[in-house]
There are 2 protein chains.
Amino acid sequence: MKPAYSEKRLQLLDTAERLFSEKGFDGTSVRDIAEEAGINTAMISYYFGSKEKLMEAIFEERSLNVREKVDLLLKDDSLDPLQKMYRLLDEYVEKIMQRKKFHRILLCEQVINQNPIIIEMLAKIKSRNLSSINDVIRLGQKKGLFKKQVDVPMMMNTLIGTISHMLVNLDFYKAYHHLETLTDEEFEKTLKKKLSAHIKIIFKAILSHES
Amino acid sequence: MKPAYSEKRLQLLDTAERLFSEKGFDGTSVRDIAEEAGINTAMISYYFGSKEKLMEAIFEERSLNVREKVDLLLKDDSLDPLQKMYRLLDEYVEKIMQRKKFHRILLCEQVINQNPIIIEMLAKIKSRNLSSINDVIRLGQKKGLFKKQVDVPMMMNTLIGTISHMLVNLDFYKAYHHLETLTDEEFEKTLKKKLSAHIKIIFKAILSHES
DNA sequence: ATCAATTAAACAAACGTTTAATTAACTTTG
DNA sequence: CAAAGTTAATTAAACGTTTGTTTAATTGAT
């Protein structure tokens, strides 16, 4: 369980992430992971200690923390509060799309997972991110640009819910809009633009006071 | 595998739904289910044929079909198209909240599931529901009340994504708004109202043309 | 006496983890 | 600079459980 960054460790981590996202944690055996990675089964215990701890390692390496992004945003005087929120929203779209496999795992594990270490990890990240976002919201309210009553967790719920649910409907969405001819990169680019524009409309309606 | 509606069959189905929603399909053993239901393990094969088919039975009994609701809505001349969409949205909030356990299962299985029967089942329901909803949208567009370009799957993605993601954040949301003192029924009522109002704002922004 | 419902026991297969042995990579030493 | 010694990396095999399903026997009602 010694080395922190070896090629085989990373190989196991990537393979496990892929298989967990395709078949779930309990649907994937350590033999599956080792075999597909071309590495001996015992190496999982050797590097991570256990299958559970391998999962924890995935969460530690892939979880999304927006505090730094928010700090930069708050300092940037060239952007009004709504534009700051637009940038933040794009950050979520970008990062979640960038880490599709992990966020599919996250989607399942938030329902199923019983591991107290992961539960604690997610609770901390959620609280921290929410409190950072609240800073931006309060700024907008102070400047009189946002409504006084904004249900921020509800708004974030729609942000993450919309992006996450798109992750499970990717193929359906692609087929509906006849986008199968596009390359993966083209489709991804198109989709991110659509998601971004769509959620901007939503955020504007939630945040700013108009009839 | 004979009887379609016996007390023990329903008992197994309910217990399985609960355990699958708490621990996932692969995280739940047939012994778990049988033991918690107080029924012999072999009865699962007897009634359903297999664990897989038990899961299929859950999907058959709990999936949400909105066609009837939409048909009623389309006929109702006392409602304008936006109000029809509001009613439809409330139907989704109501039904998903009513079937929390099943929709937690659905959330995971849409990512993980490999069972072709369930995949086919979900694809059919999704297409059917979407085409029904498209009828309402086209009506609104015909009357000049809705935008000409509406990404209906994207809109539905936000609807279902918002409600579903709330299902995994219930406790967090309750704690954030200090709603722990409420009874379960009171909280559920409050939450449904909040969800409904929130999504109405979103739908209005997506559907109607304003700056 | 017949047939459905129910049971405990047994089945092989798959599970996560550990073991003890072997190989590979360095370090130390003469 | 090679040989010996030392530690880390890697392996195949085995461990004891648990898995979903089936079996063959038993119960209960008609």
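Predicted model, so just to flag it, every value in this text is computed and none were measured. Numbered from 1 within each chain, the chains take letters A, B, ... in sequence-line order.
In terms of phosphate contacts, A:Lys8 brings a side-chain nitrogen or oxygen within less than 4.0 Å of OP1 or OP2 of D:dT10.
Atom CD of A:Glu68 has 12 or fewer heavy atoms from other residues, nucleotides or ligands within 6.0 Å.
One finds no salt bridge joining A:Lys174 and A:Glu180 here, because no Lys/Arg side-chain nitrogen approaches an Asp/Glu carboxylate oxygen to under 4.0 Å.
Distance CD (A:Glu7) to P (D:dT10): 10 Å, rounded to an integer number of Å. Between the CD1 atom of A:Ile39 and the C1' atom of D:dT10 there is a distance of 11 Å, rounded to whole Å. As rounded to whole Å, 7 Å separates atom C1' of C:dA5 from atom OH of B:Tyr47. Between B:Gln11 atom CD and C:dA5 atom P there is a gap of 17 Å when expressed in whole angstrom units. Look at CE on A:Met43: it is 15 Å from P on C:dT17, rounded to the nearest Å.
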Please tabulate, one pair per line, each protein N/O and nucleotide N/O from nucleotides 19-22 of chain D that are separated by under 3.5 Å, including the distance.
{"from": "D:dG20", "atom 1": "OP1", "to": "B:Thr28", "atom 2": "O", "distance (Å)": "3.4"}
{"from": "D:dG20", "atom 1": "OP1", "to": "B:Lys51", "atom 2": "NZ", "distance (Å)": "2.6"}
{"from": "D:dG20", "atom 1": "OP2", "to": "B:Val30", "atom 2": "N", "distance (Å)": "2.9"}
{"from": "D:dG20", "atom 1": "N7", "to": "B:Arg31", "atom 2": "NH1", "distance (Å)": "2.8"}
{"from": "D:dG20", "atom 1": "O6", "to": "B:Arg31", "atom 2": "NH2", "distance (Å)": "2.8"}
{"from": "D:dT21", "atom 1": "OP2", "to": "B:Lys51", "atom 2": "N", "distance (Å)": "2.9"}

Without placing hydrogens or testing angles, list every side-chain donor-acceptor pair under 3.5 Å for residues 99-107 of chain B, not counting sequence neighbours.
{"from": "B:Arg99", "atom 1": "NH1", "to": "B:Arg62", "atom 2": "O", "distance (Å)": "2.6"}
{"from": "B:Arg99", "atom 1": "NH1", "to": "B:Ser63", "atom 2": "O", "distance (Å)": "3.3"}
{"from": "B:Lys100", "atom 1": "NZ", "to": "B:Met97", "atom 2": "O", "distance (Å)": "3.1"}
{"from": "B:Lys100", "atom 1": "NZ", "to": "B:Glu188", "atom 2": "OE1", "distance (Å)": "2.6"}
{"from": "B:Lys100", "atom 1": "NZ", "to": "B:Glu188", "atom 2": "OE2", "distance (Å)": "3.1"}
{"from": "B:His103", "atom 1": "ND1", "to": "B:Arg99", "atom 2": "O", "distance (Å)": "3.2"}
{"from": "B:Arg104", "atom 1": "NE", "to": "B:Leu167", "atom 2": "O", "distance (Å)": "3.3"}
{"from": "B:Arg104", "atom 1": "NH2", "to": "B:Leu167", "atom 2": "O", "distance (Å)": "3.3"}

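For B:Lys8 and B:Tyr47, the positive end is not near the middle of the six-membered ring at less than 6.0 Å and at most 45° from its axis. Under a cutoff of 6.0 Å and an axis angle of 45°, B:Lys53 and B:Phe48 do not form a cation-pi pair.
One finds the NZ atom of B:Lys200 at 11.0 Å from the CG atom of B:Leu195 (value rounded to the nearest 0.5 Å).
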